[in-house]
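Okay, so here's the structure we're looking at.
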Amino acid sequence: MSSDKYSFDKVIKRENSRAIKYDFREKLFGTSDVIPLWVADMDFPVAPAIQKALQKRVDHPVMGYTNRPQSFFNAIKSWLKAHYDWSVDDSWLEFSPGVVPNIAIAVQAFTDVGDGVVIQPPVYPPFFSVVRDFGREVIENPLKNENGRYYIDFEHLDKVTSNSSVKLLLLCHPHNPVGRVWSKAELYKIGEIALKNGVTIISDEIHCDLTLYKNKHTPIASLSKEIADITVTCMAPSKTFNLAGLSTAYMVVSNEKLLHKLRTYLSGFHLHMGNVFGPIALEAAYNESQEWLNDLKNYLEGNIDFVIDFINKKMPELKVEKPEATYLLWINFEGFNMKSSQLKSFLVNEAKIGLNDGLTFGKQGRGFMRMNIASSRTVIEKALNQLLDARNRIIK
Ligand SMILES: Cc1ncc(COP(=O)(O)O)c(C=O)c1O
């Protein structure tokens, strides 16, 4: 492995680069004195082809309205075909500045005020807010935690979706924060239940390209025509290639009726325009950056192995499972025997590390923290040593 070919080991200063992860520490943790291992972006530089393509565009000094040329559609279609053997039509693609905006629009397009939307907590916090902010009701189908590995409670999913006021399922696949890549068998079951109960699936597959340890992702809509017909798939190059600041996401929707409803909202809010840089970055990522992604995944696996080994050997009261995808670790801190507020204060003030509080992912996240390991190994090692030192000082 030539990990340093792409400078994953190099610590790049991100302060004063308008990075939320760094600049919002004061606001979120009450101090800037924490190693930020929270919001889901990476501390790594983008692939060289992306930087080069963006630089070339910056050299042209006019930044007017922009279009999406055929080469942009081709890049998406080739990527989906090559990685997921999924053949997609130009006419199935729609765009907005983000996956969360796309989910929020889908909630508005497919439900009325008071309707139920099923989510599977512990789950990415905006899954709660995009439902509640628009007067819809969150219906929980909690994941089952069996010795640290998470599973879907299908019986309960069938029960909640059979209620006629429930219109949507927001699927997180791969799942943030628990790191599961749902298997084909699990996805078929989800599809079967949704079809039976007349529920539309909004499948957030933003982490799909970040499968690790030889796990394979299957887009749920690629399973059958029937499932594709009730599914909106939300994707983006933002997590995979560290492009979140370029606000470029897409949806794949083969059912014309669903697409038409989404388009009414997208064009109603004038969200479909896009920016100059995002599509250029997407093309350079999908067409020219496969080797970078392979090396990135090796590096992430190395970081995950390192953290899990460190925890198992030195802090065995903490529990953490290897994720099947994502650069996010879902760590069970219950072994520290602290109340939620105590644990938060301990991590910030004693260990001086900034993690995401598990409770923001739903009540099932009590006692957990989410750790973002997409940083140089030296940073991760420093954070773990700070945690260990604090634990040795405080916890007898
Ligand atoms: C599951 C999931 N969906 C969506 C997003 C954010 O998407 P966007 O920035 O495109 O709105 C994230 C970011 O962490 C995520 O984990």
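Values below: all heavy atoms of this structure, side chains included; hydrogens, waters and symmetry mates excluded. Along the sequence shown, residues are numbered consecutively beginning with 1. Note that ligands are numbered from 1 as they come in the structure, with each ligand's atoms numbered from 1 the same way.
Protein heavy atom closest to atom 10 (O) of ligand 1, with residue, atom name and distance, is V99 N, 2.7 Å. Ranking the protein heavy atoms by distance from atom 2 (C) of ligand 1 puts D204 OD2, 3.3 Å first. The nearest heavy-atom contact from the protein to atom 13 (C) of ligand 1 is K239 NZ, 2.8 Å. The protein non-hydrogen atom at the shortest distance from atom 7 (O) of ligand 1 is I206 CD1, 3.4 Å. The protein non-hydrogen atom at the shortest distance from atom 5 (C) of ligand 1 is Y124 OH, 3.2 Å.
At least one N/O-N/O distance between V100 and ligand 1 falls below 3.5 Å.
A side-chain hydrogen bond (donor to acceptor under 3.5 Å, both in side chains) with R180 holds for exactly one of E321, E324, Q120; it is E324. W79 pairs with exactly one of F72, F73, W86, F241 by the ring-ring contact (aromatic ring centres under 6.0 Å, His included) rule, that one being F241.
Proximity to G98 (heavy-atom distance under 4.0 Å) selects the following atoms of ligand 1: 10 (O), 11 (O). If you number the atoms of ligand 1 from 1 as listed, the ones under 4.0 Å from a heavy atom of H207 come out as 1 (C), 15 (C), 16 (O). For ligand 1 and P101, the ligand atoms under 4.0 Å from any heavy atom of the residue are 11 (O).
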Set out, in order, the CA-CA distance, both residues' side-chain angles and the distance that settles side chain to side chain contact (heavy atoms under 4.5 Å, CB included) for V307 and V320, then state yes or no. CA-CA 9 Å; V307 174; V320 56; 5.6 Å; no
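A donor-acceptor contact under 3.5 angstrom links the side chains of D90 and Q70, judged on distance only. For N141 and D153, the side-chain atoms include no donor-acceptor pair closer than 3.5 Å. Under the 3.5 Å distance criterion, with hydrogens and angles disregarded, no donor-acceptor pair is assigned to the side chains of T326 and N176.
Ligand 1 has no atom lying under 4.0 Å from any heavy atom of S247.
With a 4.0 Å heavy-atom cut-off, ligand 1 is reached by the side chain of A40 but not by its N, CA, C or O. When non-hydrogen atoms are compared, ligand 1 lies under 4.0 Å from the side chain of C172 (C-beta onward) but not from its backbone.
Figure legend: R377 and F8 shown without cation-pi pairing, the cationic atom not lying both under 6.0 angstrom from the six-membered ring centre and within 45 degrees of its axis.
Salt-bridge check for K352 with D33: passed, with a basic side-chain N closer than 4.0 Å to an acidic carboxylate O.
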